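Quick notes on the structure that follows.
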Amino acid sequence: GQILRTYDPGYMNTCCCVSRISYIDGDKGILRYRGYPIEQIAERATFEETAFLLLHGELPTDSQLKEFNRSLMKHCHVHEDVKKFISSFRHDAHPMAMFAATMAVNGSLYPSSNPSIAGQDVYKDKAVRNEQILRILGQAPVIGALIHRHRSGQTINGPDESLGYTENFFNMMDKKGEVAYRPNPKLVHALDVLFILHQEHELNCSTAATRHLASSGVDVYTAIAGAIGALYGPRHGGANEAVVRMLETIGSKEEVPKFIESVKKGEKKLMGFGHRVYKNYDPRAKLIRRLADEVFDVVGREPLVEVAMELERVALSDEYFVKRKLYPNVDFYSGLIYKALGFPTDFFPILFVIPRITGWLSHWNEFLDDPDNKIVRPFQVYKGSGLRNFPSGDLKY
Ligand code: SDX
């Protein structure tokens with residue numbers, strides 16, 4: 001077999017990662033942000049408080065939170081060139097492709113904080129890093145709203161600096177006359193909790209992508225654009241969109257047994273189920289399931305939820321899923337809430353991007369704070385051909 005060479009710790013640091021941001025116990029279904037259980041954060045904190053906690057490691061004092069909120073909203077204004085860029089897309093372009101491209105373009109507007117232009121040491125200055133963090137976090141909801149409104153052929157309302165982070169997003173998305181978009185306080189709260197539950201999740205695919213890109217020394221906007229690309233995949237952040245499409249295809253509770261059989265034959269995946277780490281119920285899924293009822297009380301019950309509940313009931317009692325430890329994950333019910341709130345199905349992954357930018361920026365910051373940080377280069381086990389000689393003779397042009 002392949003003899004695995006032993007490497008110095010520095011090398012190991014380039015293919016695994018030590019972090020202090022979040023902790024997951026997949027067998028017990030535990031998730032903590034900086035040591036605080038996700039259940040307590042979801043119940044007691046706001047999105048902004050949680051963002052401060054993830055970025056800085058401690059909960060903010062009242063004055064720190066006030067200043068953080070003010071700075072975030074101060075940074076929410078988007079460059080006119082970015083608005084022109086977004087309006088250059090076709091109306092039916094996928095929002096995730098638009099968001100990733102817009103984030104990368106955004107980076108080209110700030111050369112003084114771009115290591116490829118201003119030099120590698122520019123990120124050694126914490127104030128420069130903090131400015132990028134506030135700008136990206138502050139602008140994310142506005143870029144999302146601009147993308148949504150461009151696709152619906154409308155302008156956005158705002159942003160309104162006097163509103164909170166999530167309420168401002170809702171307000172910008174608001175389409176006069178559409179009940180679900182009115183920033184109803186109960187709906188704003190529900191979306192705030194959903195945003196909190198999506199902020200951070202250890203070294204998932206898109207966060208790992210952030211750390212990979214950060215290690216090359218590229219500017220943070222391009223690193224975040226890369227993370228958005230990773231999250232776009234239906235096996236990752238695109239799953240909330242895929243779940244609703246799956247439920248629409250199944251159509252009714254009566255069709256669930258036939259669908260489950262097709263999954264067991266390997267013809268289809270049960271989207272919203274399974275996880276790389278959780279081999280138990282994703283703690284976020286439990287909280288989102290409860291949140292769904294709060295939202296349905298305001299905007300009316302989403303009919304597909306009956307199909308989802310039947311799918312969950314059948315799968316959790318079926319040997320195929322139990323044996324493989326497949327449980328509902330964060331995406332199983334979140335898409336149903338977004339649908340009930342009136343968001344377009346292909347916009348759901350954007351509702352994952354906006355909060356997850358907090359986690360990506362926290363890991364970016366943590367990577368740059370590590371004095372031993374090196375370019376990431378995962379370990380490879382070579383299983384190809386051994387040494388062999390190339391046939392001699394004339395070159396074949
Ligand atoms: C997210 O990593 C994170 O933290 C991600 C995330 C975050 O917050 O960042 O939590 C967000 O991405 C959640 C996951 C969203 N994706 C989906 O819901 C898509 C459906 N899920 C699957 O694609 C799958 O479960 C993955 C991709 C999530 C995990 O894939 P793995 O690690 O390959 O799954 P596994 O090793 O546990 O699979 C064991 C068995 C296999 O079958 P056998 O080869 O043993 O016969 O279970 C099967 C898999 O084929 N299986 C499924 C299944 N997921 C795994 N079978 C049917 N339906 C599924 N959803």
Side-chain angles (χ1 to χ4, degrees), residues 1-35 54 57 100 103-104 115-116 120-121 123-124 129 199-239 269 274-280 282 324-326 329-331 352-353 356-390:
Q2 171 80 11
I3 296 168
L4 299 183
R5 290 169 290 172
T6 51
Y7 283 85
D8 66 69
Y11 174 84
M12 289 310 289
N13 193 19
T14 69
C15 60
C16 68
C17 136
V18 174
S19 177
R20 292 168 183 76
I21 301 171
S22 64
Y23 169 74
I24 299 175
D25 181 321
D27 293 329
K28 297 187 186 127
I30 288 173
L31 169 59
R32 297 182 196 135
Y33 287 173
R34 297 285 190 183
L54 288 167
M103 187 54 75
S116 306
Q120 286 298 303
D121 290 348
Y123 283 156
K124 287 205 168 91
R129 271 198 250 161
Q199 275 182 292
E200 157 64 9
H201 208 242
E202 201 213 59
L203 204 57
N204 59 82
C205 176
S206 51
T207 300
T210 306
R211 291 185 86 113
H212 262 75
L213 286 154
S215 78
S216 75
V218 78
D219 70 275
V220 59
Y221 300 85
T222 305
I224 298 294
I228 296 169
L231 194 72
Y232 189 179
R235 297 169 90 188
H236 190 13
K269 289 275 186 209
H275 200 275
R276 276 275 63 195
V277 178
Y278 290 124
K279 300 309 171 191
N280 196 327
D282 183 332
R324 292 170 173 80
K325 297 185 177 177
L326 302 176
N329 59 48
V330 68
D331 294 301
F352 198 148
V353 166
R356 184 52 61 89
I357 282 178
T358 314
W360 294 334
L361 288 171
S362 303
H363 281 267
W364 172 73
N365 223 10
E366 184 176 67
F367 180 87
L368 291 174
D369 278 339
D370 177 355
D372 290 334
N373 75 52
K374 294 189 189 314
I375 191 160
V376 176
R377 199 185 187 294
F379 186 83
Q380 173 199 274
V381 174
Y382 178 69
K383 292 198 166 183
S385 305
L387 174 63
R388 51 184 174 167
N389 291 316
F390 196 86

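As the structure is a prediction and not an experimental result, all values here were calculated from the model.
- With rounding to the nearest 0.5 Å, the separation of CZ in Arg276 from CD in Glu202 is 12.0 Å.
- In this structure, His212 and Pro378 have side chains that are in contact, with non-hydrogen atoms separated by less than 4.5 Å.
- Rounding to the nearest 0.5 Å places CG of Leu213 at 11.0 Å from CH2 of Trp360.
- For residues 17-31, every residue pair satisfying the salt bridge (Lys or Arg N to Asp or Glu O under 4.0 Å) rule, not counting sequence neighbours, is listed here: Asp25-Lys28.
- Under the side chain to side chain contact (heavy atoms under 4.5 Å, CB included) test applied with Leu54, the options Thr358, Asn365, Leu361 reduce to a single match, Thr358.
- For the pair Phe352 and Gly237, the tightest heavy-atom approach, listed with the atom from each and the gap, is CD1-CA, 3.7 Å.
- Residues meeting the side-chain contact (heavy atoms from CB on, under 4.5 Å) test with Lys269, sequence neighbours left out: Met271.
- Take His363 and apply the ring pair (Phe, Tyr, Trp, His ring centres under 6.0 Å) test, not counting sequence neighbours, and it matches no residue.
- Atoms OG and CZ, on Ser22 and Arg34 in that order, are 9.0 Å from each other to the nearest 0.5 Å.
- Between Val330 and Asp282, the closest heavy-atom pair is N-OD2, 3.0 Å.
- Not counting sequence neighbours, the partners of Lys124 by the side-chain contact (heavy atoms from CB on, under 4.5 Å) test are Asp121.
- Without hydrogens or angle criteria, Tyr123 side chain to Leu368 main chain gives no donor-acceptor distance under 3.5 Å.
- Residues forming a side-chain hydrogen bond (donor to acceptor under 3.5 Å, both in side chains) with Asp369 (at least two apart in sequence, or on another chain): Lys126, Arg129.
- Nearest heavy atom pair, residue Ala100 against residue Ile228, reads CB-CG2, 3.8 Å.
- A search for ring pair (Phe, Tyr, Trp, His ring centres under 6.0 Å) contacts involving His275 returns His201, Tyr278, not counting sequence neighbours.
- Scanning for side-chain hydrogen bond (donor to acceptor under 3.5 Å, both in side chains) contacts around Ser215 gives an empty result, with sequence neighbours left out.
- With sequence neighbours left out, the side-chain contact (heavy atoms from CB on, under 4.5 Å) criterion links Arg324 to Tyr320, Leu326.
- With sequence neighbours excluded, no residue forms a salt bridge (charged side-chain N to carboxylate O under 4.0 Å, His left out) with Asp219.
- Between Met103 and Ile357 the shortest side-chain heavy-atom distance falls below 4.5 Å.
- Applying the side-chain contact (heavy atoms from CB on, under 4.5 Å) test to Ala230 and every residue at least two apart in sequence or in another chain returns Cys205, Ser206, Ala209.
- Separating the CZ atom in Arg356 from the CG atom in Asn204 is a distance of 4.5 Å, to the nearest 0.5 Å.
- Remark: Tyr221 engages Gln132, Arg135 in a side-chain hydrogen bond (donor to acceptor under 3.5 Å, both in side chains) (not counting sequence neighbours).
- Interatomic distance, Glu366 CD to Ile21 CD1, rounded to the nearest 0.5 Å: 4.0 Å.
- By the side-chain hydrogen bond (donor to acceptor under 3.5 Å, both in side chains) test, Thr210 is found to be paired with no residue, residues two or more places apart in sequence or in another chain being considered.
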